[in-house]
2 protein chains.
Amino acid sequence: MDISEVVRRSGLPASTLRFYEQKGLIASVGRRGLHRVFAAGVLEQLSLIALGRAAGFSLNEIAAMFGADGRPRIERQRLLEKADELDQSIKQLTAMRDGLRHAAACSAPSHLECPKFRRLMGLAGAGVIGERRNGASGKK
Amino acid sequence: MDISEVVRRSGLPASTLRFYEQKGLIASVGRRGLHRVFAAGVLEQLSLIALGRAAGFSLNEIAAMFGADGRPRIERQRLLEKADELDQSIKQLTAMRDGLRHAAACSAPSHLECPKFRRLMGLAGAGVIGERRNGASGKK
DNA sequence: CCTTGACCTCAAGTCGACTTTAAGTAGCAA
DNA sequence: TTGCTACTTAAAGTCGACTTGAGGTCAAGG
């Protein structure tokens with residue numbers, strides 16, 4: 001497969017594939033002239049990378065999970081840790097979601113007058129509610 | 001209050017307070033010499049900002065929620081939208097968490113042999129599972 | 001054979017939310 | 001008055017995951 005086919009079948013832009021190759025996340029099996037040639041297995045690897053990203057692993061972490069052979073070497077322990085992290089996130093997001101729904105429905109003239117809202121504010125201010133950089137990206 | 005007191009009572013570094021002021025998220029009531037002087041209300045505002053951040057709003061979005069007076073002008077509609085986004089996130093994270101737990105427990109020799117794992121991979125590869133930049137930050 | 005356009009490389013740019021650094025100022029204690 | 005610091009500024013740097021741009025190569029189709 002040449003890169004354009006991988007682009008077509010993975011949905012990722014070529015720039016991302018080159019970037020992933022540079023980072024050691026995927027590898028081309030060789031070149032035809034200058035052009036990269038990929039094995040079919042790269043698609044599976046890309047799915048795995050997407051999965052890792054969705055689970056919240058960084059590209060570096062994901063890279064560390066691939067053996068030099070390209071096959072995944074995933075420690076079950078890491079998976080459980082990440083699952084626990086996700087549990088934490090889920091709890092926080094659930095609290096946040098409920099808080100937002102309440103605030104939207106709340107009859108208090110200003111949100112600042114609503115005790116529930118103030119409680120949520122207090123928690124966030126105290127850092128009890130995790131700092132997130134990005135959650136559900138509302139892509140166009 | 002001078003900036004050091006806000007630092008002490010909010011837990012945020014002074015650089016962040018200056019940055020927030022520059023972005024128009026907070027305002028000092030004046031200066032004593034060069035030194036900023038803050039009103040007590042700034043602490044409440046900072047909590048509100050923290051809350052907004054935790055809910056997944058960007059600083060710019062949060063800035064837009066404050067009237068020129070400094071009081072929040074929050075549209076209930078926005079809150080409901082964000083709550084729906086969070087619901088989406090929660091569903092995805094829950095699926096991911098369960099998938100990770102399964103993969104960790106799964107008896108298949110390689111994760112690639114596990115049908116559940118492969119299904120999750122497929123979903124992630126197809127972009128069905130949202131792209132996240134950061135979830136539960138495992139801070140030190 | 002020649003053109004075309006898909007591919008290549010390397011460097012730099014982007015985005016968000018801050019932090020860091022360098023250089024300067026001034027309130028307050030001694 | 002001196003001098004210590006805590007404060008000030010503006011600009012640049014950081015981090016992660018890519019994207020973009022400039023300039024170059026070459027495989028394939030006409």
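Letters A, B, ... mirror the listed sequences (proteins, then strands); counts begin at 1.
No donor-acceptor pair closer than 3.5 Å links the side chain of B:Thr16 to the backbone N or O of B:Leu12.
Rounded to a whole Å, the CG atom of B:Leu17 is 12 Å from the P atom of D:dT9. Taking atom CD1 on B:Ile26 and atom P on C:dA17, their separation rounds to 15 Å, with Å as the unit. In this structure, NZ of A:Lys23 is placed 7 Å from P of D:dG16, rounded to the nearest angstrom. Spacing between atom CG of B:Asn60 and atom P of C:dC18 amounts to 12 Å, rounded to whole angstrom units. Regarding B:Ile3, its CD1 atom lies at a distance of 14 Å from the C1' atom of C:dT19, rounded to whole Å. The distance between atom CZ of B:Phe19 and atom C1' of C:dG16, rounded to the nearest whole Å, is 8 Å. If you measure from atom CD of B:Glu21 to atom C1' of D:dA10, you get 14 Å, rounded to the nearest angstrom. Atom pair B:Gln22:CD and D:dT8:C1' shows a separation of 13 Å (rounding to whole Å applied).
Between B:Ile3 and B:Phe38 there is a side-chain heavy-atom pair separated by less than 4.5 Å. Contact annotation: the side chain of A:Phe57 never approaches that of A:Leu51 to less than 4.5 Å [non-hydrogen atoms, C-beta and beyond].
Remark: B:Ser4 is in phosphate contact with D:dC7, judged by side-chain N or O atoms under 4.0 Å from OP1 or OP2. For B:Tyr20, no side-chain nitrogen or oxygen approaches OP1 or OP2 of C:dA17 to under 4.0 Å. At the phosphate of C:dA17, neither OP1 nor OP2 sits under 4.0 Å from any side-chain N or O atom of B:Arg18. In this structure, B:Thr16 reaches the C:dT19 phosphate: one of its side-chain N or O atoms is under 4.0 Å from OP1 or OP2.
Under a cut-off of 6.0 angstrom, the local environment of CZ in B:Arg73 is sparse, with at most 12 non-hydrogen atoms contributed by other residues, nucleotides or ligands.
Remark: A:Phe117 engages A:His111 in a ring pair (Phe, Tyr, Trp, His ring centres under 6.0 Å) (not counting sequence neighbours).
Residue pairs that meet the side-chain hydrogen bond (donor to acceptor under 3.5 Å, both in side chains) test with at least one member in residues 27-50 of chain A, sequence neighbours left out, are A:Glu21-A:Ser28, A:Glu21-A:Arg36, A:Glu44-B:Arg118.
What you find for B:Ala95 and B:Leu120 is that their closest heavy atoms are O-CD1, 4.4 Å.
DNA chain D is contacted by B:Arg31, B:Leu34, B:His35, B:Arg36 of residues 30-45 of chain B, taking any non-hydrogen atom closer than 4.0 Å.
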